[in-house]
Structure formats: structure tokens, C-alpha cells
Amino acid sequence: MKPFKHHNAYSIEEALTLLRDYEGRARLIAGGTDLIGILKGDILLDYPEALINIKTIPDLDGIKEDGKGLKIGALTRLSHIVRSPVIEDKYGLLEEAARSVGTPEIRNMGTIGGNLCQDTRCWYYRYPNQMGGRIVCYRKGEGPCYAIKGDNRYHAIMEGKGCFAVCPSDIAIALTALDAEFMIASTGGERVVPITDFYQTLGHVLKPDEILTKILVPKPPDNATQTFLKYRLRESVDFAIVSVASVISLEGGICRDASIALGAVAPVPIKAIEAEQIIKGKPLDAKTAEEAAEAAVADAKPLSMNAYKIEVTKILLQRAIMA
Ligand SMILES: Cc1cc2nc3c(=O)[nH]c(=O)nc-3n(C[C@H](O)[C@H](O)[C@H](O)COP(=O)(O)OP(=O)(O)OC[C@H]3O[C@@H](n4cnc5c(N)ncnc54)[C@H](O)[C@@H]3O)c2cc1C
């Protein structure tokens with residue numbers, strides 16, 4: 001690794017002031033499970049002059065519940081989410097997603113904020129500088145997306161615009177189905193961004209002087225069935241090939257409301273709006289589930305090696321609806 005300065009921030013204000021003063025030349029570090037790999041591989045064109053450790057900020061972690069829903073501090077470890085009785089009881093989908101992340105060690109160090117802000121796992125983007133030079137691609141601001149003509153078996157089948165790397169965060173998919181919002185702070189004040197506006201093709205909307213401070217999760221309906229399904233190659237430790245998260249409310253066997261998110265099929269979490277519309281107001285049977293699954297992938301444009309993801313998406317979506 002190259003040398004960098006290291007600052008422990010003891011308040012949000014201190015971290016924000018440091019970020020502002022470094023003018024984009026510093027990076028936040030929480031658990032470090034993603035960032036340290038990026039620095040070791042020296043994969044990016046610019047190397048940070050400083051890291052600002054936010055783990056030293058008190059009160060930025062923890063899970064609070066009130067009548068409206070949850071407030072989760074950005075520093076809350078994924079293992080804390082897995083063990084939280086309130087999340088297990090009322091937000092089971094989020095617990096499932098957190099449980100599916102990495103290994104116990106990763107979940108013990110990795111924070112929810114870091115998971116949501118982690119960089120993509122595209123193997124071209126992540127190619128280490130020490131092995132013949134880093135790959136400079138569209139996502140890094142120069143050059144093409146090498147997945148388009150290369151090995152694209154794990155890349156996007158939808159919404160690839162210049163870059164076909166997928167959003168790697170399982171937590172983001174669960175929170176998309178739960179309609180979460182993010183509280184973001186800068187020295188200029190706070191703003192709240194719905195998760196559907198947070199992710200962009202090349203990452204997220206955080207500016208270099210901003211910190212994600214809290215995740216706000218509205219309470220799902222009491223009668224809703226929550227499901228998180230993740231297809232991966234290795235059951236033990238692996239990122240999703242495709243994931244589906246759903247919150248579906250039934251009354252008398254009829255679907256009254258539905259929120260469905262698809263993961264690892266696009267650079268951003270996808271809301272399966274057409275599928276939601278198809279199942280609303282209908283009894284959930286195999287025919288409706290199949291129709292919804294077809295609609296969800298109708299706009300898919302697979303690359304040369306990943307058309308199989310369309311079938312995986314359809315099967316997971318049908319299973320989630322029938323759950
Ligand atoms: C072996 C392995 C397997 C994995 N498997 C999975 C998996 O199956 N599913 C999955 O979803 N993830 C997986 N991950 C990713 C893992 O979940 C993330 O590395 C972890 O959650 C990141 O959290 P962190 O606190 O360590 O973040 P860091 O590494 O500290 O930070 C990651 C990024 O987020 C930024 N950041 C951190 N906190 C904030 C904040 N509050 N505000 C603004 N920016 C912030 C940092 O600047 C950095 O850019 C895996 C990782 C590894 C190494």
C-alpha cells in the first residue's frame with residue numbers, strides 16, 4: 001500500500017470538516033473490508049491522501065425503532081443487524097440479506113453504511129495494479145467497458161449505460177423493497193434521499209464532502225410476507241448472481257400491495273414495477289407469478305455470456321411471489 005495520512009474523527013462535524021478541507025483527496029473508512037482491498041490493489045487512478053476513520057464517532061451506530069419504522073446508524077455492523085430481535089421480528093427480509101453477506105468476519109467488521117457505499121466487484125474494474133497494470137475503463141472515466149466484449153457472465157442484463165458492472169450490495173436490494181431513505185450530512189446541512197434516487201450507473205450520489213449517517217426504514221404492513229432470495233455460485237461466501245427482495249401484502253388470498261426489487265441484474269437496484277402492477281389485486285397463483293416474472297425481464301438486454309441471468313431472475317421472482 002502507498003502511504004496516507006490517518007485521522008480518527010470523534011464527531012460527525014469533525015469528519016465533515018476534514019472531508020471539506022481535503023477537497024476530495026480523502027476517503028472515509030468504516031470497517032475497511034472493502035476500502036482496504038481497493039487500496040491494496042491500487043485499482044483506482046487516484047490514491048487518497050488521507051483516510052478519515054469514522055468508527056471513532058460515538059452514536060453513529062445502533063438500531064432504533066418507533067411507530068413509524070427503523071432508524072439504523074450507518075456504523076451499525078452487519079452482525080448487529082443479523083442479531084437484532086426487532087429486525088428478525090418485523091424486518092425479516094433485511095435480516096436475511098445481512099445474513100447472506102460474506103463471512104462472520106466480514107459481517108463483524110462491515111458496517112451497513114460501508115455495505116451500501118461499497119464499490120463494484122467487476123473483475124475488470126478491480127484488476128490489481130501490481131499484476132501488469134490496472135485496467136482503466138469507462139467507470140474510471142477513460143476507456144470502454146471491457147465487459148461488453150469480454151467475460152461478462154456476471155454483469156448487467158438491464159440498464160447498462162456505458163458501464164455494465166452490477167451493484168454488489170445485498171442490503172441495498174432488501175432496502176429497495178422496504179422503500180428506505182438515507183440521511184446524508186455535509187457541512188452545509190442534511191438531506192434525505194430515497195434509496196431509488198441514491199444509486200447511479202457509476203456508483204451513488206454522495207458528494208466527496210458528504211457522509212451517509214442514517215438509514216430510515218418505514219414499517220412494512222403487519223400482514224406482509226417478506227422474502228429475500230439470493231442465487232450465488234458458492235453457498236458459503238459469495239456475491240449474488242441474482243437476488244430478489246419482496247414485501248407482499250395479502251388479504252383473503254388477494255395481493256393488496258407489493259414492493260419487489262431485483263439485485264445484481266443492473267448497475268443499480270431495480271424496482272420491478274411491472275411485476276408489482278401485475279400481481280396487485282389478484283390471487284397469487286403460479287400463472288400470475290409467471291406473468292409477473294416475464295414482465296420483470298421484458299426489457300432485459302443480456303450481453304454475450306449472461307442471458308442465463310434472465311432465467312434465474314424469473315425463477316427467483318416466481319418463488320418470491322409464491323412464498
Ligand atoms: C470476502 C468478501 C465477501 C463479501 N460478500 C458480500 C456479499 O455477499 N454481499 C454483499 O452485499 N457484500 C459483500 N461483501 C462486501 C462487504 O459487505 C463490504 O465490504 C462491507 O459491508 C463494507 O463495509 P465497511 O464498513 O467495511 O466499509 P469500508 O470498506 O470501510 O468502506 C467502503 C466504502 O464506503 C465508504 N463509506 C463507508 N461508510 C460510509 C459512510 N457512512 N458514508 C459515506 N461513505 C461511507 C468508504 O469511503 C468506502 O468507499 C463482501 C466483502 C468481502 C471482502
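All figures in this text were calculated on a predicted structure; none of them were measured in a lab. In listed order, ligands and their atoms are each counted from 1.
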Asks: Count the heavy atoms belonging to other residues, nucleotides or ligands that lie under 6.0 Å from CG of Asp66, then report whether that count exceeds 12.
Replies: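 More than 12 within 6.0 Å, yes.
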Asks: Which residue and non-hydrogen atom of the protein lie closest to atom 13 (C) of ligand 1, and at what distance in Å?
Replies: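 Result: Phe239 CE2, 3.2 Å.
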Asks: Do Tyr154 and Val166 come close enough that some side-chain heavy atom pair is under 4.5 Å?
Replies: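 No, side chains not in contact.
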Asks: How does Ala240 reach ligand 1, by side chain, by backbone, by both or by neither, if only non-hydrogen atoms under 4.0 Å count?
Replies: neither
Asks: Do other residues, nucleotides or ligands put more than 12 heavy atoms under 6.0 Å from the NZ atom of Lys214?
Replies: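 Not more than 12 within 6.0 Å, no.
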Asks: N/O to N/O below 3.5 Å, does that happen between Val237 and ligand 1?
Replies: no
Asks: Between Ile171 and ligand 1, does any nitrogen or oxygen pair lie at a separation below 3.5 Å?
Replies: no
Asks: Is there a nitrogen or oxygen of Lys230 sitting under 3.5 Å from a nitrogen or oxygen of ligand 1?
Replies: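 In this structure, Lys230 places an N or O atom under 3.5 Å from an N or O of ligand 1.
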Asks: If you take the nearest heavy atom of each of Ile29, Asn115, Leu28, which one is closest to atom 46 (C) of ligand 1?
Replies: Leu28
Asks: Please check whether Gly31 reaches ligand 1 - meaning an N/O of the residue sits under 3.5 Å from an N/O of the ligand, judged on distance alone.
Replies: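 It does: an N or O of Gly31 is found under 3.5 Å from an N or O of ligand 1.
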Asks: Any Lys/Arg nitrogen of Glu210 or Arg191 sitting under 4.0 Å from an Asp/Glu carboxylate oxygen of the other?
Replies: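 Yes, charged N to carboxylate O under 4.0 Å.
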Asks: Distance to 0.1 Å, residue and atom name: give those for the protein heavy atom nearest to atom 37 (C) of ligand 1.
Replies: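 Of the protein heavy atoms, Gly114 CA, 3.6 Å lies nearest.
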Asks: Using a strict 4.0 Å cut-off to heavy atoms of Pro168, name the atoms of ligand 1 that fall inside it.
Replies: 10 (C), 11 (O)
Asks: Considering heavy atoms of the protein only, find what lies nearest to atom 28 (P) of ligand 1 and give residue, atom and distance to 0.1 Å.
Replies: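 The closest heavy atom on the protein side is Gly32 N, 3.5 Å.
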Asks: Flag Val101 as yes when one of its N or O atoms lies below 3.5 Å from any N or O atom of ligand 1, and as no otherwise.
Replies: no
Asks: Using a strict threshold of under 4.0 Å (side-chain N to carboxylate O), is an ion pair present between Asp61 and Arg77?
Replies: no
Asks: Please confirm whether the backbone N or O of Val237 pairs with a side-chain atom of Arg232, one donor and one acceptor, at under 3.5 Å?
Replies: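 Side chain of Arg232 to backbone of Val237, a donor-acceptor pair under 3.5 Å: no, none is there.
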Asks: Please identify which atoms of ligand 1 are closer than 4.0 Å to at least one heavy atom of Gln118.
Replies: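 Close to Gln118: 10 (C), 11 (O), 12 (N), 15 (C).
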Asks: One residue to check: Cys117. Relative to ligand 1, which of side chain, backbone, both or neither has a non-hydrogen atom less than 4.0 Å away?
Replies: both
Asks: Judged by modelled atom types alone, do Tyr146 and Asn152 share a side-chain donor-acceptor pair under 3.5 Å?
Replies: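 No, no side-chain donor-acceptor contact under 3.5 Å.
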Asks: Is the positively charged end of Lys140 above the ring of Tyr125, judged by distance under 6.0 angstrom from the centroid and angle within 45° of the axis?
Replies: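 Yes, Lys140 and Tyr125 form such a contact.
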Asks: Donor-acceptor pairs under 3.5 angstrom involving side-chain atoms of residues 259-269: please list them, not counting sequence neighbours.
Replies:
residue	atom	partner	partner atom	Å
Ser259	OG	Ala177	O	2.7
Ser259	OG	Lys271	NZ	2.5

Asks: Determine, stepwise, if the pair Phe198 / His204 fulfils ring pair (Phe, Tyr, Trp, His ring centres under 6.0 Å).
Replies: CA-CA 6 Å; Phe198 183 76; His204 51 64; 5.3 Å; yes
Asks: Going by heavy atoms in the side chains, are Leu216 and Phe182 under 4.5 Å from each other?
Replies: no
Asks: Pick, from Ile106, Asp238, Ile36, Leu51, the option with the minimum heavy-atom distance to atom 53 (C) of ligand 1.
Replies: Ile106
Asks: Among all protein heavy atoms, pick the one closest to atom 3 (C) of ligand 1 and tell me residue, atom and distance.
Replies: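 The closest one turns out to be Gly102 CA, 3.8 Å.
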Asks: Ignoring hydrogens, just give me the one of Leu212, Asp170, Thr103, Ile211 whose non-hydrogen atom is nearest atom 10 (C) of ligand 1.
Replies: Asp170
Asks: Any nitrogen or oxygen of Ala30, main chain or side chain, under 3.5 Å from a nitrogen or oxygen of ligand 1?
Replies: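 Looking only at distances, the answer is yes, because the N/O contact criterion of under 3.5 Å is met.
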Asks: Would you mind listing which atoms of ligand 1 come within a distance below 4.0 Å of any non-hydrogen atom of Ala74?
Replies: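 Those qualifying, in numeric order: 41 (N).
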Asks: Any side-chain heavy-atom pair from Ile12 and Ile57 closer than 4.5 angstrom?
Replies: yes
Asks: Could you check whether any side-chain heavy atom of Pro168 comes within less than 4.5 Å of a side-chain heavy atom of Gln118, counting everything from C-beta outward?
Replies: yes
Asks: Sort out for me which residue in Lys219, Lys71, Lys90 forms a salt bridge (Lys or Arg N to Asp or Glu O under 4.0 Å) with Glu65.
Replies: Lys90
Asks: Just verifying a value: how many Å separate Glu290 CD and Leu317 CG, rounded to the nearest 0.5 Å?
Replies: 11.5 Å
Asks: Verify the neighbour count for atom CE of Met1: are there more than 12 heavy atoms of other residues, nucleotides or ligands below 6.0 Å?
Replies: yes
Asks: Short list, please: which atoms of ligand 1 are under 4.0 Å from a heavy atom of Thr33?
Replies: 18 (C), 19 (O), 20 (C), 22 (C), 23 (O), 24 (P), 26 (O), 29 (O), 53 (C)
Asks: Check if Ile54 has a non-hydrogen atom at a distance under 4.0 Å from any atom of ligand 1.
Replies: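 Judged by the 4.0 Å heavy-atom criterion, Ile54 does count as contacting ligand 1.
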Asks: Would you mind listing which atoms of ligand 1 come within a distance below 4.0 Å of any non-hydrogen atom of Asp34?
Replies: 19 (O), 29 (O), 32 (C)
Asks: Which residue and non-hydrogen atom of the protein lie closest to atom 49 (O) of ligand 1, and at what distance in Å?
Replies: Arg27 NH2, 2.8 Å
Asks: Looking only at distance, does Leu206 have an N or O less than 3.5 Å from an N or O of ligand 1?
Replies: no
Asks: At less than 4.0 angstrom from any non-hydrogen atom of Leu35, what atoms of ligand 1 do you find?
Replies: 29 (O)
Asks: Heavy-atom contacts with Ser100 under 4.0 Å: which atoms of ligand 1 show up? List them by number with element.
Replies: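 In order of number, 8 (O).
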Asks: Hey, is ligand 1 close enough to Thr111 that some N/O pair sits below 3.5 Å?
Replies: yes
Asks: Before signing off on this row, confirm whether Arg121 and ligand 1 have an N or O atom pair separated by under 3.5 Å.
Replies: no
Asks: Check each atom of ligand 1 against the heavy atoms of Ser169 and keep those under 4.0 Å away; list them by number with element.
Replies: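 Matching atoms, with element in brackets: 11 (O).
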